[in-house]
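In this text the structure is predicted, and so the values were computed from the model without any measurement. Indexing begins at 1, ligand by ligand and atom by atom, following the structure's order. Values reported hereafter were calculated over all heavy atoms of this structure, with side chains retained and with hydrogens, waters and symmetry mates removed. In this chain, residues are counted from 1 in sequence order.
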Amino acid sequence: MLFDFAKIPHDQAYKLCVASVVPRPVAWVVSQDREGQVNAAPYSFFNVFSDNPVVVAIGCSQRAPGTPKDTLANIEATGQFVVNLVSAANADQMNITAVDFPAGVNEVTEAGLTTTPSTMVRVPRIAESPVALECEILQFVPTNGHTIVLGRVVAMHIDDDCVLDAAKFYVDTPKLDLVGRMHGRGWYARTTDRIEIPRIPLAEWEARKKA
Ligand SMILES: Cc1cc2nc3c(=O)[nH]c(=O)nc-3n(C[C@H](O)[C@H](O)[C@H](O)COP(=O)(O)O)c2cc1C
């Protein structure tokens with residue numbers, strides 16, 4: 001079935017996208033307002049896109065027409081944020097931080113979580129999260145209703161337990177036990193069901209075709 005986005009209201013296009021572009025990693029974004037009040041919220045319009053510099057993108061919709069969500073307002077105010085990744089152990093707490101709290105409520109405290117200072121940015125990270133990316137704003141890309149936040153990652157924390165070999169930069173990815181967002185408002189996928197598909201060198205592919 002073809003869906004022509006020129007003819008589809010954006011909220012229906014949203015439904016098609018979030019139900020089929022899955023699983024999506026969840027950026028559990030910590031930000032601060034000018035007074036230092038901490039805010040946390042999950043964003044699954046998220047991924048990492050390059051390595052030099054390391055750039056992440058997050059799609060923030062509006063709280064109401066013309067009113068930004070607190071995360072975007074804070075990043076606009078301070079230019080900094082931290083993307084924490086969500087393990088299965090933290091998934092319920094992540095969901096609490098998505099409650100539509102008014103500005104000024106500390107979602108980290110509401111969810112029974114703690115923060116710990118970051119290294120390169122003033123915004124703290126979530127202590128319970130196994131991975132945290134410290135970010136500075138690179139660019140805001142406004143679209144109709146969304147603002148895509150491009151962040152330059154200046155440092156990354158990974159739980160010591162989940163680093164296999166620091167000298168080789170090897171991470172124990174299964175141990176991170178991260179979740180991804182699936183369809184609808186409440187479905188997630190765990191990363192416990194994995195398959196390995198080794199890359200195929202061209203010579204091997206050609207040999208296989210001749211066999
Ligand atoms: C798993 C998950 C992913 C979400 N992803 C997004 C997203 O990509 N963009 C967005 O605008 N809101 C997203 N939301 C909704 C926000 O988290 C929610 O509106 C939150 O209250 C915003 O908080 P803030 O105003 O403190 O930034 C998501 C919610 C959940 C539970």
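Among protein heavy atoms, the minimum distance from atom 20 (C) of ligand 1 is reached at A98 O, 3.9 Å. If you check which protein heavy atom lies closest to atom 8 (O) of ligand 1, you get F45 N, 2.8 Å. The closest protein non-hydrogen atom to atom 22 (C) of ligand 1 is Y43 OH, 3.6 Å. Among protein heavy atoms, the minimum distance from atom 15 (C) of ligand 1 is reached at K69 NZ, 3.6 Å. Of the protein's non-hydrogen atoms, G59 O, 2.9 Å is the one closest to atom 9 (N) of ligand 1. Protein heavy atom in closest approach to atom 23 (O) of ligand 1: A41 CB, 3.2 Å. For atom 5 (N) of ligand 1, the closest non-hydrogen atom on the protein side is S44 N, 2.8 Å. Counting only heavy atoms of the protein, atom 26 (O) of ligand 1 lies nearest to N39 ND2, 2.9 Å.
Listed for the E110 side chain is no donor-acceptor partner under 3.5 Å among the backbone atoms of I96. Between the side chain of S129 and the backbone N or O of L85 there is at least one donor-acceptor pair closer than 3.5 Å.
Within the hydrophobic cluster formed by Ile, Leu, Val, Met, Phe, Trp and Tyr side chains joined at under 4.5 Å, directly or through other members, I197 is accompanied by I195.
Ligand-side atoms of ligand 1 in range of S61: 10 (C), 11 (O), range being under 4.0 angstrom from any heavy atom. Counting atoms of ligand 1 from 1 in the listed order, those under 4.0 Å from a heavy atom of C60 are 11 (O). Taking every non-hydrogen atom of Y188 and a distance limit under 4.0 Å, the qualifying atoms of ligand 1 come out as 1 (C), 31 (C). Residue-ligand proximity, R63 to ligand 1, at heavy-atom distances under 4.0 Å covers atoms 24 (P), 25 (O). Every atom of ligand 1 is numbered from 1 in the order shown, and the set under 4.0 Å from a heavy atom of E107 is 26 (O).
Taking every heavy atom of both residues into account, R122 and T78 meet most closely at NH2-O, 4.0 Å. Across every non-hydrogen atom of V131 and L133, the tightest pair is CG1-CD1, 3.7 Å.
Ring to ring, H10 and F5 are not that close: their centroids are 6.0 angstrom or more apart.
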message: Run the side-chain contact (heavy atoms from CB on, under 4.5 Å) test on F81 and N74 for me, step by step, so that the C-alpha distance in whole Å, both residues' side-chain angles and the decisive distance to 0.1 Å come before the verdict.
response: CA-CA 8 Å; F81 58 102; N74 287 348; over 6 Å; no

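Between P42 and ligand 1, at least one N/O pair is under 3.5 Å apart.
Of the listed residues (I58, D70, T97, V105), the one carrying the non-hydrogen atom nearest atom 24 (P) of ligand 1 is D70. Of the options D100, V99, T71, the smallest heavy-atom separation from atom 27 (O) of ligand 1 is shown by T71.
Two residues are said to be in side-chain contact when any heavy atoms from C-beta on lie closer than 4.5 Å; V55 and V48 fail this criterion.
If you take OG1 on T71 and CD1 on I58, they are separated by 8.0 Å, rounding to the nearest 0.5 Å.
The residue from I75, V56, V29 that alone fulfils the side-chain contact (heavy atoms from CB on, under 4.5 Å) condition with V149 is I75.
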